Amino acid sequence: MIDPKLLRSAPREVAANLARRGFVLDVEALTALEDRRKIAQVEADRLRAERNAKAKQVGMAKGRGEDVAPLLAQGERLAQELVAAETAINAVQAELDVLQLNLPNLLQESVPDGADESANAELRRWGTPRSFAFTPRDHVELGENLGRGMDFEAGARIAGARFVVLRGQVARLHRALGQFMLDLHTREHGYTEVYVPYMASPASLRGTGQLPKFEQDLFAVHGEQNYYLIPTAEVPVTNLVRDQILEAKELPLKFVAHSPCFRSEAGSSGKDTRGMIRQHQFDKVEIVQIVEPDKSRAAHEELTLHAEAVLQRLELPYRVVALCAGDIGNASSKTYDIEVWLPGQQRYREISSCSNFESFQARRMQARWRNPATGKPEPLHTLNGSGVAVGRALVAVLENGQQADGSISLPAALQPYFGADRIGV
RNA sequence: GGAGAGGUGGCAGAGUGGUCGAAUGUACCUGACUCGAAAUCAGGCGUAGGUGCAAGCCUACCGUGGGUUCGAAUCCCACCCUCUCCGCCA
């Protein structure tokens, strides 16, 4: 959430920033609500102070053995007034909470203007898309021909549309990719591997910003407790620091987790219906950093390079784009997408998204650090990025490494994990 | 799944209806003593909201949410979590 003090003291500046996203903040309504809250709170506080004083008098009078009946009557009247005052303040506060929890994050000034992905700014490219002496096939065709290694029909039979079954060498390659990424980030980039729950509480999802606004994107588990399947390991991993006050010497925290991700893809019907690009369930290796506020921008650049390193080792051509104001995620202050080249589609497709949330998630989570400069607990900054999406990496390795006969040549970095240098037909 | 115990400040731990935001110990910070340190002594030391130029003052918070009461850490109800024992289980 946005710093409530900033929202109160500079609502017009906040509104101007959010307007870049196309978000309309009604400053008049906000200010009016804030004024009402203040009046209601002062009144409730006053009544409570009076009630407390009165209650104290009752105690003292009883101690002296005096008649307390008149005091009790006054107290009762105050209690009634207080009920009304508290009802009023609770109602206003609830309205304010809803408003605040639904505000997107402030954008960094360097975020490019623009309404949709066509305005995203390409920052750099790495590698050269291979030229083929034959028409490259897409991963669906390649996967099916590798001993029915990619079976969408089976996935649909078991669960429904947007699920897949991997078999044999393709399943093994999928596993190898995850292992390779975890090792790279733990051994060379300084991340600590964590294994986390794949279901999370509403409080955790509120912390990272999926709730209350994006419930339709989640799979809810119905039972005695309200769990949701995680849409990304960002949720459990970032919530490691929820309700914590960290010491400066513990920072930065760097975590990596390999997990399945579950997304309902509501609103995406008709998009990417073919293949593994957009599934209800997919694996992802996620990297998360928890840092001091002053260091988050540098950490964002570093974390993005860590994700890029995965693609470089896999010899996959990619480009990095800065998402424009209209395309950036609700909770993010700035996002870089890494897009991998897919010969089957003859274009770059997102394979990683690296975001700096600054204090947006930390405020919702009450994740703080004790700033030595002030001695006070202050919100941390949180960042995360895919390092990278395993399913899409599988797609990219298959499509980029394909040979005329349908076999797949594997990058050197993957061979020790897979146990061979190619996948035969 | 059954039975029981318990959740209080960084930690430990008192508090079973009334000057309790909470004793005490410990950790930490400042000062005194010391060449320095330890020990000792004195003081300070939670989070958040409101108000004030400021000192300060007011309010909320004792797992969470309700309730009873003039007044709740304390009584009642529900839920969550932890621990012990029994059963079951990968």
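Since the model is a prediction, treat every value here as computed from it, not as a measurement.
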- Task: Tell me the partner of B:C41, counting only Watson-Crick (N1-N3 plus N6-O4 or O6-N4) or G-U wobble (N1-O2 and O6-N3) with both under 3.5 Å; none if nothing fits.
- Result: B:G31
- Query: B:U47, B:G49, B:U59: which one has an atom nearest the side-chain heavy atoms of A:K376?
  - Reply: B:U47
- Task: Rounded to the nearest angstrom, tell me the gap between atom CD1 in A:I39 and atom C1' in B:U51.
- Result: 14 Å
- Item | Nearest-Å distance for atom pair CD/C1', residues A:E50 and B:U59 | 14 Å
- Message: Check this for me: A:Y227, atom OH, are more than 12 non-hydrogen atoms of other residues, nucleotides or ligands nearer than 6.0 Å?
- Response: no
- Query: Can you tell which of B:G49, B:U51, B:G71 lies closest to the side chain of A:A55?
  - Reply: B:G71
- Message: Using a heavy-atom cut-off of 4.0 Å across all strands, would you classify A:L71 as base, sugar-phosphate, or nothing?
- Response: nothing
- Atom-to-atom span, NZ of A:K54 to P of B:U19 - whole angstrom: 17 Å
- Message: Quick check for you: among B:A60, B:U19, B:U47, whose closest atom lies nearest to any side-chain atom of A:R48?
- Response: B:A60
- Under 4.0 Å between a side-chain N or O of A:N52 and OP1 or OP2 of B:G71? no
- Item | Plane angle bin for A:H306 and A:H189 - parallel if under 30°, tilted between 30 and 60°, otherwise perpendicular | parallel
- Query: If you count the non-hydrogen atoms of other residues, nucleotides and ligands that lie under 6.0 Å from CD in A:E117, is the total more than 12?
  - Reply: no
- Message: Rounded to whole Å, please give me the gap between CZ in A:R242 and C1' in B:C80.
- Response: 12 Å
- Note on the structure: A:R51 has its side chain closest, among B:C70, B:G50, B:U47, to B:C70
- Item | Pair A:H258 and A:Y195, ring centroids less than 6.0 Å apart | no
- Looking only at atom types and distance, does a side-chain atom of A:R12 sit under 3.5 Å from a main-chain N or O of A:V27, one as donor and one as acceptor? no
- Message: Closer than 3.5 angstrom, by distance alone: can the side chain of A:N239 be matched with the main-chain N or O of A:S204 as a donor-acceptor pair?
- Response: yes
- For A:D45 and B:C61, give me the distance from atom CG to atom C1', rounded to whole Å. 13 Å
- Query: So which one's nearest nucleotide on RNA chain B is more toward 5', A:M60 or A:A44?
  - Reply: A:M60
- At under 4.0 Å, does any side-chain N or O of A:R46 touch on OP1 or OP2 of B:A60? no
- Task: Tell me which nucleotide among B:U59, B:C70, B:G50 gets nearest to the side chain of A:L72.
- Result: B:C70
- Message: Here's a test of your reading of the structure: between A:R370 and A:G59, which maps to the more 5' nucleotide of RNA chain B?
- Response: A:G59
- Please state the P separation for the pair B:G4 and B:C79 - nearest whole angstrom. 15 Å
- What does A:V42 touch in the nucleic acid at a heavy-atom separation under 4.0 angstrom: a base, only the sugar-phosphate, or nothing? sugar-phosphate
- Specify the separation, in whole Å, of atom CD of A:E34 and atom C1' of B:G49. 11 Å
- Pairing partner of B:U51, by Watson-Crick or G-U wobble and under 3.5 Å for both distances, is B:G56
- Task: For A:R36 and B:G50, give me the distance from atom CZ to atom P, rounded to whole Å.
- Result: 17 Å
- Both distances under 3.5 Å, Watson-Crick or G-U wobble: report the partner of B:C61, or none. B:G46
- Query: How close or far is atom P of B:C61 from atom CD of A:Q93, stated in whole angstroms?
  - Reply: 15 Å
- Which of B:G49, B:C70, B:U47 is nearest the side chain of A:A79? It is B:C70
- Of B:U59, B:G49, B:U19, the nucleotide closest to the side chain of A:R8 is B:G49
